[in-house]
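Just so it is clear, the model here is predicted, and its values are computed rather than measured. Proteins get letters first, then strands, A, B, ... in listed order; numbering begins at 1 in each.
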Amino acid sequence: MALGLEAKLGDSVLTTQLDVVVNWGRQYSLWPMVFGTACCAIEFMSAAASQHDISRWGAEVVRFSPRQADLMLVCGTISYKQAPILKRIYEQMPEPKWVVAMGACASSGGVYDNYCTVQGIDEIIPVDVYISGCPPRPEAVLDALMKIQDQIKGESVLEDRHKDFKGILD
Amino acid sequence: MNTKALELIQGAFPEVPCETSIDSVVLTVQPDELEKTLTKLKKDPTLDFGLLLDVTAIDYLDYPQKSNIRFYVVYTIRNWKENLVVQVRIPVNDPEVGIPTASHIWDSANWGERETYDQYGINFQGHPDLRRILNHWQFEGHPLRKDYKIDARQVCYESDSLEKEIKARLATKGIDELTLKDINTEIMFLNIGPSHPATHGAIRILSALDGETVVANVNEIGYLHRGFEKTAEDRTYNQIIPLTDRLNYCSSLMNNVAFVKAVESWMGIEITERAQFMRVVLSEFYRALDHLVCLAALFVDMGGLTNYWYLYNEKEAAYDLISRLCGARLTSSFTRVGGMYRDFYEGWEIDMENQLKAIEKGVADSLTLVAKNRIVHDRSQNICCISPETALSYGFTGPNLRASGVPFDLRKDNPYYNYEAFDFSIPVGSNGDIYDRIMVRFEEIFQSISVIRQAMKMIPAGPVNIHDNKVTLPAKDKVYDNIEGLAGHFKLIFEGVKTPAGEWYDSFEAANGELGFHFVSDGSGKPYKCKVRPPCFYTMGGFHEMVEGEMIADAVINLSSINIIGGELDR
Ligand code: SF4
């Protein structure tokens, strides 16, 4: 039943909130930028291949140019040598952007508690969803994708989500 | 023990102390004799040690038997025709002064010595380009020294520009600063990676281009250096097995086998017949899978995406069998010192046979698309060639070396696990171009499938683990029911399998070539040192030789044709 303004306009016009419409669009057209460095990237390949088929979530347009992507998937170990590059690529992605840390290494350094491994990429860039596992199964990647979609639903276009973030390289 | 090798080497170097360690002969040489010894080893036709496998150092700071020399450098060298391995050990009095370089004798010494410098801080006099390779350029200290704390992390704030290196490389091609400034010579610098789809992981390729032609090329690696060797020093042997999964993660199980084989050969453990056959079946299966992924990715880079589906789908399907077997898809951790984690499950033969048929079909489908495809031929034949001499000098092994026409394969030349009983052949190429590297891999898939079928016919029944309470865990009912079993279990888990003190090198034909492990044991349950000889590392060291003079687009498919896997490259 239409109320107020909509009652006057008839069936041809829908009114909604800007946030809802924009978020709906963002949710189903996530373009991932795969920052694949190690073993986890192989499982991402599986998530993208026919059996698991990431395109069912509208996220199959894998971009390797950060400028065309809005979802960064960090698949693999990040070493201190790699960290400045990760940060640079993250910064090259236009807002809005989301980050998934795939696997134990990206989330926390994993088994590599040593001199060369960053103990979780949230030391460098803000992370939205963490996936556990070493490596996580492709289903877990899809699950993370759904979590991001849920998160997007509740966001506002006016909000700058990470303005207070400060990593070790900032 | 290899008595022939010992006699040969002792005859050639009568004044030098020689010993043997498993199959290798170990020579201890003083720094001032080094150059002469190494040159003789390589150039003397009766010795003919043409393949420098690895360079590393040992830090004896914490070693129980004290000696007054802290560092030794070790060169591991192979005569592939006669199946002889020699290790040359050189005492280093002062790491700052170091020892003379061998980089003019074997090209592979260039990267090997850089790594030794980076990890141990040993100087190599006369080395053309001695700088860090695995750790970042802002790193201070040398992590594999025993007094470097494992968790002393050092942040890198900025990437290296590599400007000096590429200019030095250009200078060797006769292009100096003046020519660069000349308005008519347009040299363009192009940086690919470390985060770029063409690099399949994290490698950085910096090329100087004239038009589309690569004039000079330098690479930077180490972006996936995750301290395998340092971490391994703090784990028991069986705890290291999961870490080896993550070396070449496309064929994790082969790394598991290579690792435990190296430990077992030193301990003199003869694993059960069934375990040997299991290792053969699974290694060959993973070899086929590794090649599938390599080829799938290669054809994507070439623009033939359909091949990706044909080839990768079979890899994906194989995960069903693998996860039924070991519970994981990618990281198998399936071997143990003294045998296997467990036996095959019931009905695996049927699954395996179906799998093999599916792989054969996928590969055949892909071959119909590429074997007579003009585009594939034009883009791969006579492109990025490497001659057998250059390939050997850079330490190439495995399919990349065989593509250049050198029929070296450890399964034939130094057979283990009854490989001599199987009927299979070693495909070799004739040009060492991209086409040969593709076709050698295709053929190896078929050969591996044939070995698997033969092994499945011959595999005997029986236990998969040896019975030795110092090596393998007791059965669970013994652990719960009697104190002896419980104590044995406890001791093995906490202290690990103890290996006799000593040093040794052992190798295995992995999907990418000779995967070797160089151990130093102090007699405890953890290795004092565990150095991997990764096939990728040395292949990557020769990358510039293949791409200079070729087009930049060819460099991309060349990189996929040599199958660089970051985990193994950088460890
Ligand atoms: S989490 Fe495990 S599988 Fe993933 S990159 Fe790290 S070691 Fe590899």
Lys/Arg N to Asp/Glu carboxylate O, Arg153(B) vs Asp113(A), below 4.0 Å: yes
Top contributor to chain B contacts, counting heavy-atom pairs under 4.5 Å, from Ala41(A), Pro135(A), Cys116(A), Cys39(A): Cys39(A)
Chain B contacts, top residue of Ser65(A), Pro138(A), Pro66(A), Ala83(A) (heavy-atom pairs, under 4.5 Å): Pro138(A)
Could you tell me whether a side-chain N or O of Ser79(A) sits under 3.5 Å from a main-chain N or O of Tyr223(B), the two making a donor and an acceptor? yes
I'd like to know if the side chain of Lys81(A) reaches the main chain of Ile221(B), judged simply by a donor and an acceptor atom lying under 3.5 Å from each other, with no hydrogens or angles considered. yes
Does [atom1] in [X] sit with more than 12 non-hydrogen atoms of other residues, nucleotides or ligands closer than 6.0 Å?
X	atom1	result
Lys361(B)	NZ	no
Arg131(B)	CZ	yes
Glu91(A)	CD	yes

Taking the side chain as everything from C-beta on, heavy atoms only, tell me whether [X] gets closer than 4.5 Å to [Y].
X	Y	value
Cys250(B)	Ile42(A)	yes
Arg246(B)	Cys134(A)	yes
Pro242(B)	Val111(A)	no
Tyr319(B)	Ser46(A)	yes
Phe139(B)	Tyr115(A)	yes

Which answer fits [X], side chain, backbone, both or neither, if we ask what part of it has an atom under 4.5 Å from a heavy atom of chain A?
X	result
Arg329(B)	side chain
Arg235(B)	side chain
Leu134(B)	backbone
Glu220(B)	side chain

From Thr231(B) atom OG1 to Asn114(A) atom CG, the distance as rounded to the nearest 0.5 Å: 4.0 Å
Nearest 0.5 angstrom please: Tyr157(B) OH to Ile168(A) CD1, how far? 6.5 Å
Under a 3.5 Å threshold, yes or no: a donor from one side chain and an acceptor from the other, between Arg226(B) and Thr117(A)? no
What parts of residues 17-33 of chain A touch chain B if we use heavy atoms and a cut-off under 4.5 Å? Met33(A)
Less than 4.5 Å to any heavy atom of chain B: does that hold for the side chain of [X], its backbone, both, or neither?
X	answer
Cys75(A)	neither
Gln119(A)	side chain
Ala38(A)	both

Ring centroid separation for Tyr112(A) and His225(B), is it under 6.0 angstrom? no
For Tyr249(B) and Glu43(A), what are the C-alpha separation, side-chain angles and deciding distance, and is it a side chain to side chain contact (heavy atoms under 4.5 Å, CB included)? CA-CA 10 Å; Tyr249(B) 32 77; Glu43(A) 280 301 69; over 6 Å; no
Check Cys156(B) against Pro84(A) and note the closest heavy-atom contact, atom names and distance. O-CG, 3.4 Å
